[in-house]
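Both counts, for ligands and for their atoms, begin at 1 and track the order of listing.
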Amino acid sequence: MEEGMRRAAGLLSSSSYAVALTGAGVSTESGIPDFRSPGGLWSRYDPSEFATLSSFLENPSRFYQAASEFLSVFTAEPNEGHKALAELEGMGILKAVITQNIDGLHQAAGSKRVVELHGNLRECKCLQCGKVSPIEVLVEKLVQRGELPPYCDSCGGLLKPNVIFFGEQLPRQALEEAFECARRCDLMLVAGSSLVVSPANFLPPLAVEAGAELIIVNEEPTPMDAFASVVIRGKTGKVLPELVRLVKEALKKKNMG
Ligand code: NAD
């Protein structure tokens, strides 16, 4: 691992346009369960009954009952992994964080350019009139008023968190920006993603095909490890701060040399 860490730090410090791609794994150490780890949400809920647009429309109350397990997302704080990525951006190394997460923790940690592929939990949207409101509107109805499911005050339509469900189109602008980053980058750092969700998992092969180095940080193997220049097995909350330390060391050496 030590050797891989040094190699990854060397690649990061000599890159000119590095981008990160993150998944639910970067937020597990903030107390938000991911989907596919042992004990993750998928071990208790069937995604086809829970996170598709058609299942939501068919039975919104069932969705909101399962989603109550996810309420930790509103009180979670960024962890050392989020902070390390923000620091790498501050140092001018990372040019963007593309994330599949909806929890807003990269922004809370100080990352400035965050491309959210799957929407965000800061807002809710009425499926009838399209009105977008702060998520607090939905939470108040759900938690304080016990409205299950919650409906729009303006038109009575069903309210949905402004996140992308399976089977929904991804936000076009975010998708275009992510693909542009993948084509342009000379290094992609993937942290805490199982790399099985499309189209996010098209990004690493696209970057590699365009000549970028790929670094994967994950506790478990991913289907794309074989394409990576370096695979680091470990927790992002530990590995990413250590990478930042090593990058600083490598830059210092470079500047002295
Ligand atoms: P995933 O649940 O499919 O995979 C998580 C990956 O992270 C796994 O490979 C796991 O081994 C790894 N992991 C877990 N904790 C880790 C840690 N501390 N350090 C290193 N690796 C760790 O997540 P995904 O790839 O992001 O795709 C699933 C979908 O889940 C996405 O669409 C995302 O929108 C949604 N999701 C988001 C959140 C969130 O916003 N925090 C939480 C759950 C699910």
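Near Val197, meaning under 4.0 Å from any of its heavy atoms, are these atoms of ligand 1: 27 (O), 28 (C). Every atom of ligand 1 is numbered from 1 in the order shown, and the set under 4.0 Å from a heavy atom of Ile102 is 40 (O). The atoms of ligand 1 that sit less than 4.0 Å from any heavy atom of Gly23 are 26 (O). Below 4.0 Å from some heavy atom of Glu29 lie the following atoms of ligand 1, by number and element: 17 (C), 18 (N). Counting the atoms of ligand 1 from 1 in the order shown, those under 4.0 Å from a heavy atom of Asp103 are 39 (C), 40 (O), 41 (N). Annotation for ligand 1: atoms under 4.0 Å from non-hydrogen atoms of Ile32 are 41 (N). Within ligand 1, counting atoms from 1 as listed, the ones closer than 4.0 Å to a heavy atom of Ser27 are 41 (N).
For the ligand labelled ligand 1, residue Pro33 lies inside the 4.0 Å heavy-atom shell. Within the structure, the closest approach of Gly234 to ligand 1 falls below 4.0 Å when heavy atoms are considered. Ligand 1 lies less than 4.0 angstrom from a heavy atom belonging to Gly192.
When the shell of 6.0 Å around NZ of Lys160 is examined, it contains more than 12 heavy atoms from other residues, nucleotides or ligands.
Legend: residues meeting side-chain contact (heavy atoms from CB on, under 4.5 Å) with Phe202, ordered by chain and number and at least two apart, are Phe179, Ser198, Pro199.
Between the side chains of Glu77 and Ser30, not a single donor N or O lies within less than 3.5 Å of an accepting N or O.
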